[in-house]
Structures are given as C-alpha cells and as structure tokens.
Protein chains: 2
Amino acid sequence: MTREAVAATEVFKALGDPIRWNIVQQMAQQEELACSVLEDTLPVSKPTISYHTKILTQAGLIEVRKRGRNYFYSLRREVLRSLMDEMWLLAPGPRLVSSDGEGTGDRAERPVLKAAVGDDTSRSAALLTW
Amino acid sequence: MTREAVAATEVFKALGDPIRWNIVQQMAQQEELACSVLEDTLPVSKPTISYHTKILTQAGLIEVRKRGRNYFYSLRREVLRSLMDEMWLLAPGPRLVSSDGEGTGDRAERPVLKAAVGDDTSRSAALLTW
DNA sequence: GCGTTAGATTGACATTCGTTGAACTACTGA
DNA sequence: TCAGTAGTTCAACGAATGTCAATCTAACGC
C-alpha cells in the first residue's frame with residue numbers, strides 16, 4: 001500500500017459520490033462556480049454542500065476563493081489529469097481525439113499491452129496524438 | 001443526477017479504497033490474477049478479500065473465472081477507459097505523448113498527486129512528466 | 001465414501017459517511 | 001450600529017462501509 005496509492009484513492013473517494021460528482025461536472029462547465037449556484041441546483045441543505053466542498057478541497061480537486069461574503073469554487077483540472085495518467089498506466093490504449101467529434105470510436109480493443117508498464121510502452125504511447 | 005453519473009460514481013467509489021485500488025493495480029500487471037495471490041499480498045483476511053472483489057465485480061471493473069476450486073480475476077480495462085473518457089470531458093487537454101520526451105509541458109508544474117516512491121510503479125511513473 | 005482445501009456467505013461489530021437543525025462568523029448595506 | 005445574508009462549524013443521528021470469526025459450499029485427493 002504505497003503512499004501514492006493513498007493519494008489516488010482519496011481523489012477517487014471524493015469523486016465516488018453522486019453529489020460531489022455533480023459538483024465537479026458543474027465546475028467543469030464554468031471557469032468559476034459560485035456557492036449559491038450549488039444551493040440552487042443541488043437537492044441538499046447548505047451544511048451538506050459545505051461538507052461536500054470541503055471533501056473536494058481536501059482531495060485537492062477544487063480551489064476556494066472568497067470574495068466579500070461569497071465563495072467561488074474552481075476545478076483543479078491538473079489533478080483530474082494526473083489521475084487519468086495513473087489510470088492510463090493500468091489501461092493504456094488510444095484515447096479520444098476531439099471533444100466535439102465522435103471520438104475515436106474504436107474503443108474496440110486493439111490488443112492491449114500485456115503489462116501496463118512494459119518497456120515498449122513508448123510505442124503505444126506514441127499513438128496518443130491529440 | 002443522471003443515470004450515467006450513478007454508474008461513474010459507482011466505479012469511482014469502487015476505486016476509492018486502498019485495498020481495492022491495490023487489487024486493480026495488481027490485475028493490471030498480470031493478465032489474470034489468482035485469488036490466492038491476493039491472500040498472500042493483502043494484509044486482510046479471506047472474507048474481506050471476498051468482500052472487496054465482490055464490490056469490484058459489481059462495479060464492472062473485474063471479471064471472475066472459476067476453474068476447479070480456484071478463482072481467477074481479470075481487469076476489464078474498457079471500463080477504466082470509459083471512465084477516463086468521461087474524465088477527459090471535464091479536463092480536456094493534451095496528454096502523454098512519448099516516453100522519453102518531456103511530456104506536454106502544461107502538465108509539468110508540480111506533483112499534484114503524491115509521487116510514487118519506492119514501489120514497483122516508480123519506473124513507469126517516470127513516463128509521466130508531471 | 002471422507003478429510004482437506006479454496007473461497008464465498010453470514011452475522012456481528014466498530015468505524016466512517018451523509019445529512020440536518022442550530023449556532024456561529026464574517027461581510028454587507030442602510 | 002445594527003439587522004440581514006452567505007456560508008461555515010457543531011452536535012447529533014441513521015445509514016453505509018470495512019473487518020473478522022464462524023459457517024457453508026464445491027471441488028480435490030485418497
């Protein structure tokens with residue numbers, strides 16, 4: 001049980017709740033999200049929202065900015081990207097190319113590398129060209 | 001709270017436990033993992049292992065094969081990949097391109113997740129120039 | 001058959017999680 | 001200064017989670 005594993009699982013755990021996943025998705029749309037918006041869009045009370053945003057903050061997923069008496073949250077996308085990198089090590093393969101297009105579509109299991117960490121990983125990694 | 005969100009959070013929740021994340025990582029190395037191996041490598045009792053593998057199965061992350069009186073688990077990488085796709089929608093951007101190159105640059109700020117130190121993934125982690 | 005082994009299920013327990021009302025803090029505007 | 005507002009923190013609660021000993025089931029070897 002490595003130290004890095006603890007960090008990754010903390011982020012996973014933070015994402016593993018419908019309400020928090022909802023919050024993260026809303027934040028991905030706007031550059032910054034007011035707390036009041038969450039109160040309007042989420043079916044839970046104010047303390048509960050505070051509780052969830054705290055967990056997201058502790059996991060490093062969001063950043064809090066206080067302006068006057070209003071709070072604004074923003075998504076730390078680099079944390080999501082690091083997590084994706086780590087997942088990619090476990091399941092390497094070609095990935096989405098464009099966001100508006102249909103993607104690669106052929107998620108169809110081209111022979112996956114036996115070991116996620118093989119020495120020739122670079123060959124398949126070179127396939128990632130977005 | 002869409003249905004697809006529920007599915008995603010279920011997978012996240014499954015990954016959000018150190019022991020289960022450890023199991024998934026072990027599975028990523030081998031093509032198929034014997035249950036007995038887990039008993040040797042994990043610091044928990046047999047029922048607990050059974051409990052965790054069940055959760056991973058329900059989340060769709062692993063597949064179970066029974067041969068004789070032995071059980072073999074294998075990682076369903078496509079589930080991991082669709083999860084990455086979904087995360088990529090929230091944090092799009094260039095990704096890992098080559099192993100010896102310096103990555104994409106905007107990822108090179110600082111370790112957002114705690115670095116893997118001294119475990120078996122450290123070598124491959126060097127691929128990620130975060 | 002019969003004992004053994006691999007692993008799942010069950011039941012019980014302690015811990016953690018998610019939720020809320022109430023109280024609190026900090027800022028606003030008059 | 002003082003009432004009102006935004007959001008947090010606190011205390012408490014029920015629900016879910018993680019763990020293990022005991023039990024069960026199915027396959028094995030003899």
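Keep in mind the model is a prediction, meaning the values are calculated, not measured. Chain A is the first sequence line, chain B the second, and so forth, proteins listed ahead of strands; every chain is numbered from 1.
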Once you round it to whole Å, what is the distance between [atom2] of [N] and [atom1] of [X]?
{"X": "A:N70", "N": "C:dT25", "atom1": "CG", "atom2": "C1'", "answer": "15 Å"}
{"X": "B:Q58", "N": "D:dG18", "atom1": "CD", "atom2": "P", "answer": "12 Å"}
{"X": "B:Y71", "N": "C:dT9", "atom1": "OH", "atom2": "C1'", "answer": "11 Å"}
{"X": "B:R67", "N": "C:dG7", "atom1": "CZ", "atom2": "C1'", "answer": "17 Å"}
{"X": "B:I23", "N": "C:dG7", "atom1": "CD1", "atom2": "C1'", "answer": "14 Å"}
{"X": "B:E39", "N": "C:dT5", "atom1": "CD", "atom2": "P", "answer": "13 Å"}
{"X": "B:W21", "N": "D:dG18", "atom1": "CH2", "atom2": "P", "answer": "16 Å"}
{"X": "B:L56", "N": "C:dA8", "atom1": "CG", "atom2": "C1'", "answer": "15 Å"}

- What do the steps show when you test A:N22 against A:Q26 for side-chain contact (heavy atoms from CB on, under 4.5 Å), and what is the final call? CA-CA 6 Å; A:N22 187 311; A:Q26 286 192 55; 2.8 Å; yes
Nearest heavy atoms of [X] and [Y], plus distance in Å:
{"X": "A:L75", "Y": "A:L61", "result": "CD1-O, 3.5 Å"}
{"X": "B:A59", "Y": "B:V11", "result": "O-CG2, 3.7 Å"}
{"X": "A:F12", "Y": "A:L83", "result": "CE2-CD2, 3.7 Å"}

- Along DNA chain D (nearest heavy atom to each residue), the more 5'-positioned of A:K54 and A:R69: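 Going by which nucleotide is closer to the 5' end, it is A:R69.
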So which protein nitrogen or oxygen atoms get under 3.5 Å of nucleotides 17-21 of chain C's nitrogens or oxygens?
| unit_1 | atom_1 | unit_2 | atom_2 | d |
| --- | --- | --- | --- | --- |
| C:dG18 | OP1 | A:D17 | OD2 | 3.3 |
| C:dG18 | OP1 | A:R20 | NH2 | 3.3 |
| C:dG18 | OP2 | A:R20 | NH1 | 3.3 |
| C:dG18 | OP2 | A:Y51 | OH | 2.5 |
| C:dT19 | OP2 | A:H52 | NE2 | 2.5 |
| C:dT20 | OP2 | A:S45 | N | 2.9 |
| C:dT20 | OP2 | A:S45 | OG | 3.0 |
| C:dT20 | OP2 | A:T48 | OG1 | 3.0 |

- Is the side chain of A:R76 donor-acceptor paired with the backbone N or O of A:T57 at a distance under 3.5 Å, no angle test?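 Not a single qualifying donor-acceptor pair exists.
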Kindly list each side-chain donor-acceptor pair under 3.5 angstrom involving residues 27-40 of chain A, sequence neighbours excluded, with atom names and distances?
| unit_1 | atom_1 | unit_2 | atom_2 | d |
| --- | --- | --- | --- | --- |
| A:E32 | OE1 | A:R65 | NH2 | 2.9 |
| A:E32 | OE2 | A:R65 | NE | 2.7 |
| A:E32 | OE2 | A:R65 | NH2 | 3.4 |

- Message: What contact category does A:Y73 fall into here, base, sugar-phosphate, or nothing, at under 4.0 angstrom with non-hydrogen atoms?
- Response: sugar-phosphate
